[in-house]
Amino acid sequence: DDYRICDYCTRKQDIFTRMQDELNQKKQGFMTMRDPRRNPDQTNQQDEYLKAVRDFDAIQLVFTAACQACAQE
């Protein structure tokens, strides 16, 4: 009862910006892991990065839809 997504809608852009920053950091890590000089085993980090991109997109979609619903209240 104390947690309402609507309470965060005024900070939506800040939240998305922070999420984008984290995604960019994950991309930098992925690019580092792709470098065979740094990671001769070539562990597959691409799947983890692509999952983070999909999660980011899904969260943005759901959060935006929730905020639109909050605006209708």
Quick check: do [X] and [Y] have side-chain heavy atoms less than 4.5 Å from each other?
X: Arg18; Y: Ile15; value: no
X: Leu23; Y: Lys27; value: no
X: Met31; Y: Gln28; value: no

**Request:** Check whether the side chains of Gln20 and Asn24 place a donor and an acceptor atom closer than 3.5 Å, and report yes or no.
**Result:**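 Their side chains do contain a donor-acceptor pair, which is all the 3.5 Å distance test asks for.
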
**Asked** In Å, rounded to the nearest 0.5 Å, how long is the span from OG1 of Thr17 to CZ of Arg11?
**Response**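 So the gap between those two atoms works out to 11.5 Å.
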
**Message:** Just verifying a value: how many Å separate Asp55 CG and Leu50 CG, rounded to the nearest 0.5 Å?
**Reply:**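 Going from CG on Asp55 over to CG on Leu50, the span is 11.0 Å.
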
**Same cluster (ILVMFWY, side-chain, under 4.5 Å), Val62 and Tyr8** =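 No, separate clusters.
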
**Heavy-atom pair of closest approach, residues Phe16 and Phe56** =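 Shortest heavy-atom contact: O-CE1, 4.0 Å.
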
**Prompt:** Hey, what do you get for Cys6 versus Cys70: SG atoms under 2.5 Å apart or not?
**Reply:**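 Cystine link detected, SG atoms below the 2.5 Å cut.
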
